[in-house]
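Written below as C-alpha cells is the structure these notes are about.
In what follows, every chain begins at residue 1, and chains take the letters A, B, ... in the order their sequences are listed.
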Amino acid sequence: MSESVAPPLSLSARALQARAPAAPADYLDELNPAQRAAVEALDGPVLMLAGAGTGKTKALVARIIHLVRQGRAWPNQILAVTFTNKAAREMKNRILARLGESAEGMAWMGTFHSLSVKILRRHAELVGLKSSFTILDTDDQLRLLKQLIAAANIDEKRWPARLLAGLIDHWKNRAWTPDRVPTSEASAYNHRGTELYEAYQERLKTLNAVDFGDLLLHCVTIFQRHPDVLADWQRRFRYILVDEYQDTNVAQYLWLRLLAQAHRNICCVGDDDQSIYGWRGAEVGNILRFESDFPGAVVVRLEQNYRSTPHILAAASGVIAGNANRLGKTLWTDRPGGEKVRLIGHWDGEEEARWIGEEIEALQKGRLGHDISLDDVAILVRASHQMRAFEDRFLTIGMPYRVIGGPRFYERQEIRDAMAYFRLSVSPDDDLAFERVVNLPKRGLGDKAMATINQAARGAGVSLLDGARECLARGAIGGKGGAALRVFVESMDRWRWYVENATNEGLLAELRFERKELKSIEFLRAADDPPSEEEKARDAKVSMIEHKLRNLESHVVLAETILEESGYTDMWSQDKTPEAPGRLENLKELVKALEQFDNLTGFLEHVSLIMENESEEAVEKVSIMTLHAAKGLEFPAVFLPGWEEGLFPSQRSMDESGQKGLEEERRLAYVGITRAEELCTITFASNRRVYGQWQSQLPSRFIDELPGDHVDVLSPPTLHNSYGTGGYGGSNSFDARAAKADVYNSPGWKRLQDRVQTRGISAPREAAHLTIDAQAVTGFGLGDRVFHQKFGYGNILAMEGDKLDVDFEHSGVKKIVARFVVAADQVSDVPF
DNA sequence: CGTCAGGTGCTCGCT
DNA sequence: GCACCTGACG
C-alpha cells in the first residue's frame, strides 16, 4: 500500500477551520483544571487517572473535539477505543452534538474487537484467511473443540471442552500463537493443550473463521510481521485514545503499543481501583506501568467526583482502602449531605427481593423527596443467578424490569438456528451451520447419516453440504432421511441462487464496487486533504444504492421464505412448550432487524460483533444486571443485594486467585457503590439456595469494612420469619453500632438476657469486640441443642464470636449466626 | 431414529 | 435447580 507523506500540519488546520463551524472553545470552559490539563496536553503520551464519576467521558470527548478544532487531525485519523459498543455510541453522539457534520468521519471509534475486524478484513490474506471470514461465537467454538477432542481420542468427560476453550482464550489474551505458547504451559489439558490449540487454529483457517480472541491476535501478528502495513496504520491514526485502560490484556496492550510507538500520541484513561477483569486476562500492570512504557508521559489525576453524595463516596473509599496495591486517589465532592448508605439483612433471598421491590415502589412515590423513574433504579448483583429471585418477584408484583447482559438476543437458540440457515444460504461451505440445521426440524438424520456425510466430505475434501450431495448421488443415504436430505440440499441451492440473483445482483455488484472504491479513496487520503469531490460523489452514490436495496426488501422476504420453507417456523408453531410463542416472536423480530441492512451478508457480519442488547424501550424499567455489566453506568438509586461470604466476595475467585482475587472482589464492591448517585442500599440474606440446597450465609466481610459513620442499619419491617432482630451481620465494632440501633429492644435480646441470667453468666456490657467470650455473646454453650427455622434441630459443635457450627440432624454441619437459632427447649414460645 | 426418564455436575464475571 | 448427557424403549 503506498501512501504519500502527510502535508504540513498548518494546511490541514486551515482546511479544517474553514470547514468546522466557527464556535468558541466553550467545551474547555466547562472543564475543571485537571480535566482541562488532560485535554490540552495533546502531544505525547498522557495517562488520565480518573476515579469513578470524575467526568472522564467528558474529558475524552473534549479532547477529541480539541484535536479536531486545533487542526491536529481529521476525525477519521483519531482512533478511540472504548470498552463497549454502547460507550462508543454514546461518545460519538456527544461529539456529534458538538462538532456537527465534521464528526461523521469518526469511523475509528469502537471496541478493540470491532476495530480489529475492520483492520483484519483488509489484510485477512496475511494470516491465511479470506476477507469474508466468519466470526464464531462461543457455541460454535465449543462444538468445534468437541470434535477435535473426540478426534484426538480424549475423554471429554475428564477433560471438558470448556476447559480447553478457557485455556485457548487465556493464551490468546496473552498474544500467544500456538508456536509461542511457553513450555511452562506444556502440561495443560493433559499435556495436549498446545497440540489441540494448533489443530484448532488449523481448523479455523480451513473454515475461514476466527474466534473472538483471534480478532486481536491476528491483528497483532500482522502488525508484527508486516512493518509496511503497520506503518500505514500508524500514519493513519495520528492520535489514539483508550478508555478503561485498566482492563486491557496483553494482546490489547501490544495492539496499542504497536500502533502508538511511532508518534506516541496516546492518551489512556483508567482507574486501577475499577480493574475488575483480571480473570479475563486484564493486566492492572498495564496502567501501573504506563509511565515506564511511555517515558515522559503526562499524568493527570481526576479526583473531583460529580456523581455521588459524600456518604456514598466515603463508604466506597472506606471499602477500597482495604486494598494494598493501588496508585491511590482521594475522591472528593462539594455536593451536600444526602442519605447514608443503607444496610439491611433478610431471612432469605426471596425476602430480600420482596423488600427491594417494596423499596422501589416507595422510591417511585417520592421517598427521596422527588420523582424517581424506574429507569433511575438499578439492582446490581455479583452473579447472574441472583437475578432470578428479582425477576420472579417483579413478575408477581407487575414491576417492569430489564435484564442487562442476560441471555442476549443473538445468543438465543431460535435466533442462532435461523442465523445458521442464513449463513448456510450465503456460504454453502459453512460446515458448522450445516451441522446445526441439517436435522432441524427433525429430518430423520441421526448419527449414522451424519457419519456418512462427514466421511464423504472429508474423503473428497469438500464441504459437508457437498458431501451430502455426493452421498445422495450414490444413494448412500436412503429411506425417509435420504428423501428429506435431498429436499434440504435442493432448498439450499435454491435459496443460494436467490441470495446471488434474485436479490438484485446488479445493484449489489454495483454497491460492492462503489464501496470498495470509496474505501480505498478514503484510506489513501489518510493524510490531510478534505474529502475530494470524487469521494463525496461516491459516498452519495453508495447511499443511494443502499436506499434502493433497502426498499426492495428482497433479502427480508428471502429470510422469511427460508424460515418457512425449511419448516423451521412450523416447528415452533407446533411446539406446545410455553416458550414457543416467545421464540416465534423473536424470529419475527429477527426478520424485522434485517430491514436495516442491504443483504444477508451485511447483516451476518454486523451481528457477530454486537454483543449487547440494543433495544431502547419507551417503558420505564428497573435495570437488573451484574456488577461487571454496570461498569461505566450510574443511577440515582442502586441496590446491592447478596453481600454474603462466598457469594460476594465469591468463593471461587478467592480459591483461584487468593489475595489477588479478594482484592478484585473488593474493587467490584467499590464499582458497585460508586454507581449510586443519591441512594445506595446494601442487603444480604441469612439463607440462600445454592444448587437447589438451602445454605446458611454469613454477611460479607465487605460489610464489616463499611465505615460506620456513613451507614444506616435498617431492621426488616417484619420479624415474622426470623428470631430476634433480623440479620445484620459481622461481629466487629461496626456491628456493635448496628446492635445498639435496635437490638436492645428486640425480643431476641430479651430472650438472650433471660437465658444468660438463668445460666448465671454475666451479660456482655457491649457486644463490641471479637474478644468477648462466645458463650456470653450468644447465650449458647457447646453441645447445646438448638432449633433453626430451615434446618431443624441440631447440636452446637463449635463457637466463634456470634457464629456457631451446628450439626443438624437432617442437613449436616453448617455455620450459622447465633441469632438465627433458638434453644431447642424454647421453640414453643416463638411464633412462626 | 426419536423420546423420555433419570443421573450427573455445576456456574463468577464478558468482548 | 437446571442443562446436558446417557441409556432404555417404542
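Here the two rings, on A/Trp108 and A/Trp233, have centers that are under 6.0 Å apart. The distance between the ring centers of A/Tyr253 and A/Trp255 does not fall below 6.0 angstrom. A/His346 has its ring centre no less than 6.0 Å from the ring centre of A/Phe684. Two rings, from A/His170 and A/Trp279, have their centers 6.0 Å or more apart. Ring centroids of A/Phe390 and A/Tyr401 are separated by 6.0 Å or more, keeping the two rings apart.
Taking the side chain as every heavy atom from C-beta outward, A/Leu215 and A/Leu120 approach each other to under 4.5 Å.
Judged by closest nucleotide on DNA chain B, A/Lys448 is the one of A/Lys448 and A/Ile276 placed further toward the 5' end. Each of A/Asp447 and A/Ser650 has a nearest nucleotide on DNA chain B; the 5'-most of these lies closest to A/Asp447.
Checking each of A/Val127, A/Asp214, A/Leu217 against A/Thr177 for a side chain to side chain contact (heavy atoms under 4.5 Å, CB included) leaves exactly one that passes, namely A/Leu217.
Side-chain atoms of A/His113 lie closest to B/dT15 of the nucleotides B/dT11, B/dC14, B/dT15. Distances from the side chain of A/Thr84 to the nucleotides B/dT11, B/dG13, B/dT15 place B/dT15 closest. Considering only side-chain atoms of A/Trp279, the nucleotide from B/dT11, B/dG13, B/dC1 that sits closest is B/dG13.
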Interface polar pairs with nucleotides 2-4 of chain B, N/O, under 3.5 angstrom:
| from | atom 1 | to | atom 2 | distance (Å) |
| --- | --- | --- | --- | --- |
| B/dG2 | OP1 | A/Gly444 | N | 3.1 |

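A salt bridge links A/Asp273 to A/Arg326: one of the charged nitrogens lies within less than 4.0 Å of a carboxylate oxygen. The pair A/Glu350-A/Arg393 does not count as a salt bridge, with every side-chain nitrogen at least 4.0 angstrom from each carboxylate oxygen.
Between A/Tyr670 atom OH and B/dG13 atom P the separation is 24 Å, expressed in whole Å. The CG-C1' distance, from A/Leu216 to B/dC14, rounds to 14 Å in whole Å. What separates CG of A/Leu633 from C1' of B/dC14 is a distance of 14 Å, to the nearest Å. Atom C1' of nucleotide B/dC14 and atom NZ of A/Lys631 are separated by 10 Å, given to the nearest angstrom. As rounded to whole Å, 16 Å separates atom P of B/dG9 from atom CH2 of A/Trp159. Look at CZ on A/Arg382: it is 5 Å from C1' on B/dG13, rounded to the nearest Å. Rounded to whole angstrom, the span from the CG atom of A/Asn85 across to the C1' atom of B/dC14 amounts to 13 Å. The nearest whole Å value for the distance from the CG atom in A/Asp169 to the P atom in B/dC14 is 14 Å.
Counting any heavy atom pair closer than 4.0 Å across all strands shown, A/Lys480 reaches no nucleic acid atom. Here A/Gln252 lies out of heavy-atom contact (under 4.0 Å) with every strand. If you check every strand for non-hydrogen atoms under 4.0 Å, A/Tyr277 touches sugar and phosphate atoms only.
Nucleotides C/dC4 and B/dG13 are separated by 15 Å at their P atoms, to the nearest Å.
Geometrically, A/Arg121 engages A/Phe133 in a cation-pi contact, judged by NZ or CZ lying under 6.0 Å from the ring centre and within 45° of the ring axis.
Contact annotation: A/Ser384 reaches the phosphate of B/dG13 (side-chain N/O to OP1 or OP2, under 4.0 Å). For B/dC14, the OP1/OP2 oxygens have a side-chain nitrogen or oxygen of A/Thr626 closer than 4.0 Å.
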How does protein contact run along nucleotides 1-10 of chain C, one letter per nucleotide 5' to 3', with B for base contact, S for sugar-phosphate only, - for none, heavy atoms under 4.0 Å?
-> BS--S-----

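Side-chain to base pairing of A/Glu656 with B/dC12: one donor and one acceptor N or O lie within less than 3.5 Å of each other.
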